[in-house]
Asker: 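This is the structure I have questions about; it appears just below.
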Amino acid sequence: MGLRQKVQREMAETGLPDDLKREFHELSAWAHALPEKFGDRVRVRVVDVASIEGFFKSLTRRFWRYPAFSVEGERYVGSDFSRVEDLIERGLTSRIARSVNVR
């Protein structure tokens, strides 16, 4: 575990209210389970909204609430991870359809 990960983990464990800490852990557990479901077809990128990158991504993608997800241009804001998985499945299906049409 790198220094950045240790700092982020410590911040998450000590610096968040209990409800946000619980939401963070649920999000983390869900994200870690994605490779079991989708394998290497999905890449997850977590961006901290409090970072400079997160600030600009929020502006450009027009996210005002969190957690927020963007999959192949489709957006979802909320904690219903089954809806995010639906977006992922649609994105994968769309990607497969595009690759078949190109050939």
Side-chain angles (χ1 to χ4, degrees):
M1 178 183 306
L3 178 61
R4 180 177 177 193
Q5 290 173 323
K6 287 180 185 178
V7 170
Q8 287 176 336
R9 177 169 287 165
E10 182 178 321
M11 285 175 45
E13 291 175 356
T14 61
L16 294 175
D18 288 341
D19 59 336
L20 290 178
K21 194 182 308 183
R22 184 177 53 256
E23 187 175 283
F24 173 79
H25 286 293
E26 289 171 1
L27 174 63
S28 179
W30 171 78
H32 286 328
L34 283 177
E36 287 180 29
K37 186 164 189 166
F38 297 105
D40 63 355
R41 299 176 298 161
V42 173
R43 185 179 61 131
V44 175
R45 181 135 191 271
V46 178
V47 177
D48 182 357
V49 70
S51 69
I52 296 294
E53 179 185 10
F55 172 75
F56 284 109
K57 284 189 181 292
S58 293
L59 288 177
T60 59
R61 293 196 169 109
R62 298 177 187 228
F63 286 127
W64 314 123
R65 294 179 300 137
Y66 308 94
F69 303 87
S70 179
V71 179
E72 297 286 332
E74 289 192 58
R75 302 160 17 111
Y76 170 70
V77 176
S79 296
D80 183 354
F81 302 130
S82 65
R83 291 189 57 188
V84 182
E85 289 178 13
D86 290 343
L87 287 177
I88 293 169
E89 289 172 1
R90 283 199 307 267
L92 290 172
T93 301
S94 171
R95 188 181 299 168
I96 291 168
R98 285 192 310 263
S99 70
V100 169
N101 290 333
V102 171
R103 294 177 187 187

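Values reported hereafter were calculated over all heavy atoms of this structure, with side chains retained and with hydrogens, waters and symmetry mates removed.
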Asker: Look only at the side chain of Ser28 and the backbone of Phe24, and say whether a donor-acceptor pair between them is shorter than 3.5 Å.
Answerer: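 No, because the side chain of Ser28 does not come within donor-acceptor range (under 3.5 Å) of the backbone of Phe24.
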Asker: What residues, two or more places apart in sequence or in another chain, satisfy salt bridge (charged side-chain N to carboxylate O under 4.0 Å, His left out) together with Glu74?
Answerer: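 Only Arg90 meet the salt bridge (charged side-chain N to carboxylate O under 4.0 Å, His left out) criterion with Glu74.
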Asker: Write down the atom of Pro67, the atom of Glu23, and the distance for their closest heavy-atom approach.
Answerer: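 Nearest pair, atom of Pro67 first, then Glu23: CD-OE2, 3.5 Å.
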Asker: If you measure from NE2 on His25 to CG on Leu20, what distance do you get to the nearest 0.5 Å?
Answerer: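 One finds 11.0 Å between NE2 of His25 and CG of Leu20.
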Asker: Taking only residues two or more places apart in sequence or in another chain, which ones pass salt bridge (charged side-chain N to carboxylate O under 4.0 Å, His left out) with Arg45?
Answerer: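 For Arg45 the salt bridge (charged side-chain N to carboxylate O under 4.0 Å, His left out) partners, ignoring immediate neighbours, are Glu53.
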Asker: Taking distance alone, no hydrogens or angles, what donor-acceptor pairs closer than 3.5 Å link side-chain atoms of residues 76-89 to residues at least two apart or in another chain?
Answerer:
residue, atom, partner, partner atom, Å
Tyr76, OH, Asp80, N, 3.2
Asp80, OD1, Ser82, N, 3.2
Asp80, OD1, Ser82, OG, 2.5
Glu85, OE1, Lys37, NZ, 2.8
Glu85, OE2, Trp30, NE1, 2.8

Asker: Residues in salt bridge (charged side-chain N to carboxylate O under 4.0 Å, His left out) with Arg22, at least two apart?
Answerer: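 With sequence neighbours excluded, Arg22 shows a salt bridge (charged side-chain N to carboxylate O under 4.0 Å, His left out) to no residue whatsoever.
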Asker: Hydrophobic side-chain clustering at under 4.5 Å (ILVMFWY, transitive links): who's grouped with Val47? Put none if nobody.
Answerer: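 So far as hydrophobic clustering goes, Val47 is joined with none.
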Asker: If hydrophobic clusters are built from ILVMFWY residues whose side chains come within less than 4.5 Å, do Ile52 and Val49 share one?
Answerer: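 Shared cluster, no.
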Asker: Which pairs with one or both residues in residues 49-68 pass ring pair (Phe, Tyr, Trp, His ring centres under 6.0 Å), sequence neighbours excluded?
Answerer: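 As it turns out, there is no ring pair (Phe, Tyr, Trp, His ring centres under 6.0 Å) pair with a partner in residues 49-68 once direct neighbours are skipped.
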Asker: With sequence neighbours excluded, what pairs up with Asp40 under the side-chain contact (heavy atoms from CB on, under 4.5 Å) test?
Answerer: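 For Asp40 there are no side-chain contact (heavy atoms from CB on, under 4.5 Å) partners, ignoring immediate neighbours.
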Asker: May I ask you to test the Leu92-Val42 pair for a side-chain heavy-atom distance under 4.5 Å?
Answerer: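 A side-chain contact under 4.5 Å exists here.
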